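Okay, handing you the structure first.
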Amino acid sequence: MTDSPGAAFRAEVAALVAAAGAKLGLASLPALEVPPDPAMGDLGLPCFGLAKALRKAPPAIAAEVAAAVPATGRSWVSAVSAAGPYVNFTMDRARLAAAVLADVEAVLRAPTKGQKVLLEHTSANPNGPLHVGRARNPIVGDTLARVYRAAGYEVEAQYYMDNLGRQVATLAWGKWNLDPASLPPAARDKVDHDLVRYYQAAHDLAKKDPAVAEKIKHLVEQLESADPAILEKVRPVYGSCFSGMQETLTRFGARYDSIKDESDVVLDGSVAKTIGALKRLPIAGVEPDGANFLDLASLLKGQKDKFFFTRKDGTSVYATRDIAYHAWKAEQVKGKGRLVNVLGEDHKLQALQVGTALDALHVERPTVLFYSFVSLPEGKMSTRANRVVFLDDLMDEAAERAYAEVKARRGDELPEAQMRAIAEAVGIAAVRFNIARIQPEKPIEFRWEEALSFDGDAAPYLMYAHARAANLLKKAKEAGLTSRGAATPAAGEQALAHAIGRFAPTAEEAAAQNAPHRMAAYALQLAAAFNDYYRDHRVLECEDPAQRALRFGMVAAAQKALARTLGTLAIPALDTM
RNA sequence: GGACUUGUAGUGUAGCUUGGAUAGCACAGAAGCCUCCGGAGCUUCAGACCCGAGUUCGAAUCUCGGCAGGUCCGCCA
């Protein structure tokens, strides 16, 4: 697999700089950086750090280094120049533009990594509808999965079904024992909204009535031991709740490749095995009442030092089963990949405990991407306090507002059904993008106007750029245009090609840093680059056939690049909107 | 109280990992651009690194201390 043009260029510059450094007798060289203005070059070497060793002013050093760069071995480097204290290297952009024109798919393709990424995200308890506070998990997780794929990894996106434990037990007990007539009406006619009423009522009842609390506790115990009979009895309840949640996630564009039940790791003996292994660790200890713990005082600073992995009766806690689950996951990718988790910041301590335990067991720990909460101006989202925005409602509202926009613009030319379909795509993409573009560790205060914004740095801007390209291509094809016999790419083509060429490197960087929001930033840059080109280069009206073919080819390449980029963000690439 | 995390124009953000050349983008504001390949677009103007020390030739970026917001500190999940 050949390197993308950007990677090949960087490697070449590194080799040239190393050769120049050797000629001047320099042991170490500063890191390359990207100049602020592309007119200066594509990579620059700052010479400040060399001033002390050489006892010369940085600009003089830059001139010397530039002169020492060998003239041979230049394939992607078209110019080397000293600019003040920097040595700048310019990429052969005509060659890049030619590569984009010849085979844009090859330019967009990141080299296959031959590595698998098992990526766990969302994994919400199946006891009620998803709200916007939780929605950041599928957005970050699903986008990251798509970015990893674009970066050349094989990805399995997994949902960990927490089907043991109190939440499911409470839901099931409520469903079996409560009279629907005694419950408040469901917020909407959808199974997860219907079922959450039983969960809430049972939860409230357990707080007031010790007998109910005892019954639920007993059910939890039966579940934790993964009693098959009980499991089969509970499964239809949480299963139908999950089907409602899945409907929401599917509409939201989030896809899973697999679902792993928590009960599996109990049934297959992993949990028992994990408990045994943990007990044998040097840092393991036992309380007088029989509860087992790991003493993490020497490993975690300032946190709770005792991490309990069994109760006094010897049963496992959630975190113990999580360790067993991760040991199982590690086995799945052993020697051929790695684990990535997307978790809310409230799981930080728990992830630290699980990770530390995995280290002690010599099992590869996952890398974890934490996101901060989406809260309301009034405070943290809470269903019980009636301070919550459901994802279903947000998507409805987004689609409704988008419909108003489509209707205003295209009302007299498009059929109703098509306008509805466009509105659905635009509205949901806007909601996703408005969160996806923000660095995960930044807290977000939810405001309807911002979540639903269609202006500026937003999904409709990206979708519009693609629709423009697609529409233009359609007309060009009808006019019989092709990209054969194209003229030589000039500055305009080179600028657009440069933006297109950044796709694969951006995906690789975003994957390496677990930073899906970088893909969103890139998408805005690519769309802006296309809009610049579109503004300055008429295609259909171009008189010169060679120029026209060149422009057609560039727009065709840009359309493909935009479609690929939108795909990593789960934004539909519409041909018309 | 402790640990972790965030603080960038009026507002929302990028850049911080790997310190460097005019801190990028958008909304709102001001002024413009369709005899148009769709104006959900484009051009111009104005406006910001929480405070204070330190390290460095150089700090939005690294370190320390404040201040402010968020999260966590269950033999719950």
Side-chain angles (χ1 to χ4, degrees), chain A residues 30-33 35-37 40 44 46-49 51-52 58 83-86 88 125 127 162 164-169 220 262 287 289-293 300-304 306-315 317-319 321-322 344-350 352 370 372-373 375 380 402 405-406 408-410 413 426 434 437-439 441-445 447 449-450 453-465 467-469 471-476 479 512-513 515 517-518 520-521 524-525 527-528 531-532 534-542 551 555 576-577:
Chain A
L32 294 166
E33 50 192 70
D37 182 351
M40 298 171 177
C47 296
F48 302 95
K52 204 168 258 181
Y86 292 87
N88 289 331
N125 280 307
N127 66 333
D162 190 0
L164 311 179
R166 188 172 306 280
Q167 318 246 21
V168 160
V220 170
E262 185 181 7
E287 291 284 280
D289 65 7
N292 289 274
F293 63 88
L300 308 182
K301 45 178 177 164
Q303 304 280 355
K304 256 203 69 189
K306 281 182 183 172
F307 165 45
F308 285 90
F309 62 92
T310 76
R311 302 192 182 92
K312 62 184 173 193
D313 61 7
T315 57
V317 296
Y318 175 84
R321 301 190 290 272
D322 207 26
E345 61 177 336
D346 54 333
H347 283 73
K348 268 189 183 176
L349 176 58
Q350 142 118 33
L352 198 58
F370 294 103
S372 293
F373 283 148
S375 62
K380 194 174 172 179
E405 296 287 329
V406 181
R409 290 177 168 83
R410 314 290 304 276
E413 32 177 336
V426 170
N434 286 339
R437 57 185 264 263
I438 297 175
Q439 196 184 330
E441 39 280 334
K442 294 231 189 199
I444 295 180
E445 194 169 283
R447 276 180 282 266
E449 320 81 67
E450 281 172 26
S453 172
F454 298 157
D455 299 325
D457 286 349
Y461 175 79
L462 307 173
M463 300 173 86
Y464 184 66
R468 268 179 151 181
N471 197 45
L472 175 50
L473 289 173
K474 183 175 157 228
K475 291 195 171 170
Q513 298 167 10
H517 68 289
R518 294 195 179 219
L524 291 166
Q525 286 169 13
N531 280 330
D532 284 348
Y534 182 89
R535 180 190 66 228
D536 295 332
H537 302 80
R538 301 267 132 184
V539 179
L540 300 178
E541 301 160 5
C542 182
R551 292 173 181 183
V555 172
T576 186
M577 64 182 277

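Quick note: numbers below take in every heavy atom, side chains included, and nothing from hydrogens, waters or symmetry partners. Predicted model, so just to flag it, every value in this text is computed and none were measured. Letters A, B, ... are given to chains in the order of the sequence lines, protein chains preceding strands, and every chain is numbered from 1.
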| query | RNA chain B: M577(A) or Y461(A), which has the more 5' nearest nucleotide? | reply |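 Going by which nucleotide is closer to the 5' end, it is M577(A).
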| task | Check whether the side chains of R311(A) and N292(A) place a donor and an acceptor atom closer than 3.5 Å, and report yes or no. | result |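 Checked: R311(A)/N292(A) side chains show no N/O donor-acceptor pair below 3.5 Å.
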| said: Taking the P atom in each of A46(B) and G52(B), what is the distance between them to the nearest angstrom? | reply: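 Approximately 27 Å lies between the P atom of A46(B) and that of G52(B).
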| message | Strictly by Watson-Crick or wobble contacts shorter than 3.5 Å, is anything paired with G54(B), and which nucleotide is it? | response |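 WC or wobble partner is C62(B).
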| query | To the nearest angstrom, how far is R535(A) atom CZ from G38(B) atom C1'? | reply |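 After rounding, the reported distance stands at 17 Å.
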| query | Between N531(A) and Y461(A), is any side-chain donor less than 3.5 angstrom from a side-chain acceptor? | reply |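 Result is yes, a qualifying pair exists.
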| Stepwise, does the salt bridge (Lys or Arg N to Asp or Glu O under 4.0 Å) test hold for R410(A) with E413(A)? | CA-CA 5 Å; R410(A) 314 290 304 276; E413(A) 32 177 336; 2.9 Å; yes
| task | Figure out the CG/P separation between D455(A) and A26(B), and round it to whole Å. | result |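 Between P of A26(B) and CG of D455(A): 12 Å.
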| query | What is the distance, rounded to the nearest whole Å, between atom CG of D536(A) and atom P of C33(B)? | reply |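 Distance, rounded to whole Å: 18 Å.
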| task | Name the pairing partner of C72(B), where a pair is Watson-Crick or G-U wobble with both distances under 3.5 Å, or state none. | result |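 Check on C72(B): paired to G2(B), both distances under 3.5 Å.
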| request: Between A21(B), C42(B), C36(B), spot the one nearest the side chain of N531(A), thanks. | output: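 That would be C42(B).
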| request: Determine the contact category for M463(A): base if any of its heavy atoms lies under 4.0 Å from a base atom, sugar-phosphate if only primed atoms, P, OP1 or OP2 are that close, otherwise nothing. | output: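 No contact at all - M463(A) keeps every heavy atom at 4.0 Å or more from the nucleic acid.
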| message | Both A83(A) and V539(A) contact RNA chain B. Taking the nearest nucleotide for each, which residue is further toward the 5' end? | response |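 Residue closer to the 5' terminus by nearest nucleotide: A83(A).
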| said: Quick check against the 3.5 Å criterion: does S375(A) have a side-chain atom that pairs as donor or acceptor with the backbone of E445(A)? | reply: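 Between the backbone of E445(A) and the side chain of S375(A) there is no qualifying donor-acceptor contact (under 3.5 Å).
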| field | Separation of the P atoms in C37(B) and A31(B), to the nearest angstrom | value |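 Looking at atom P only, C37(B) and A31(B) are 29 Å apart.
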| task | Take the protein atom CD of E413(A) and the nucleotide atom C1' of A40(B), then report the distance between them rounded to whole Å. | result |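 To the nearest whole Å, that distance equals 13 Å.
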| query | Side chains of T315(A) and D313(A): do they bring a donor and an acceptor to under 3.5 Å? | reply |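 A pair is found: one side chain offers a donor N or O, the other an acceptor, under 3.5 Å apart.
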| query | How is D37(A) classified with respect to the nucleic acid when contacts are heavy atoms under 4.0 Å: base, sugar-phosphate, or nothing? | reply |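 Base contact.
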| Once each nucleotide of nucleotides 8-16 of chain B is scored for protein heavy atoms under 4.0 Å, what B/S/- sequence comes out, 5' to 3'? | ----B-SSB
| query | Atom CZ of F454(A) to atom P of G41(B): distance rounded to whole Å? | reply |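 Going from CZ in F454(A) over to P in G41(B) covers 13 Å.
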| Taking NE2 from H537(A) and P from C42(B), how many angstroms apart are they, rounded to a whole number? |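 Nearest whole value for this atom pair: 16 Å.
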| task | Calculate the interatomic distance between E33(A) atom CD and A59(B) atom P; express it in whole Å. | result |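 One finds 15 Å between P of A59(B) and CD of E33(A), rounded.
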| message | Could you measure the distance from the OG1 atom of T310(A) to the CD atom of E287(A)? Nearest 0.5 Å is fine. | response |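 It comes to 10.0 Å.
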| request: Report the residues that fulfil side chain to side chain donor-acceptor pair (under 3.5 Å) with N471(A), sequence neighbours left out, ordered by chain and then residue number. | output: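 Partners of N471(A) by the side chain to side chain donor-acceptor pair (under 3.5 Å) criterion come out as none, since no residue qualifies.
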| field | Interatomic distance at C1', U13(B) relative to U8(B), whole Å | value |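 Approximately 9 Å lies between the C1' atom of U13(B) and that of U8(B).
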